[in-house]
Amino acid sequence: MGLLKFLFIAILILWIIRILVRMIFPVMVRKAFGTMPGQGDYGQQQQQQRSRRPEGSISIDYMPNKKDKKGNADKLGDFVDFEEVK
């Protein structure tokens with residue numbers, strides 16, 4: 001009898017906590033992210049960037065500097081010749 005009572009109370013408490021978290025957590029997240037400076041500007045910039053480009057187009061925002069590969073030949077390591085075994 002004591003075990004059933006404990007299980008019932010534990011399940012009831014977990015159920016109540018679950019309902020409270022579902023109600024309180026979204027409010028806390030909105031409050032935390034709503035107070036970030038410049039958040040409204042960022043959303044508008046993202047929307048403008050999406051609307052400018054047609055769907056399926058490719059945009060490259062970052063191009064790394066081209067380095068000479070001649071100087072990197074020593075860093076590539078040793079070439080090992082192998083034979084295919086059939």
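Computed from a predicted model, the values in this text were never measured in an experiment. FYI, the numbering just counts along the sequence from 1.
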J.: Do you reckon I17 sits in the same ILVMFWY cluster as F6, going by side-chain contacts under 4.5 Å, direct or chained?
T.: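 No; F6 is not reachable from I17 via cluster members.
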
J.: Quick one: do I13 and L3 end up in the same hydrophobic cluster if we chain Ile, Leu, Val, Met, Phe, Trp and Tyr together by side-chain heavy atoms under 4.5 Å apart?
T.: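 I13 and L3: separate clusters.
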
J.: Please identify which of these residues, L14, I19, L20, meets the side chain to side chain contact (heavy atoms under 4.5 Å, CB included) condition with I16.
T.: L20

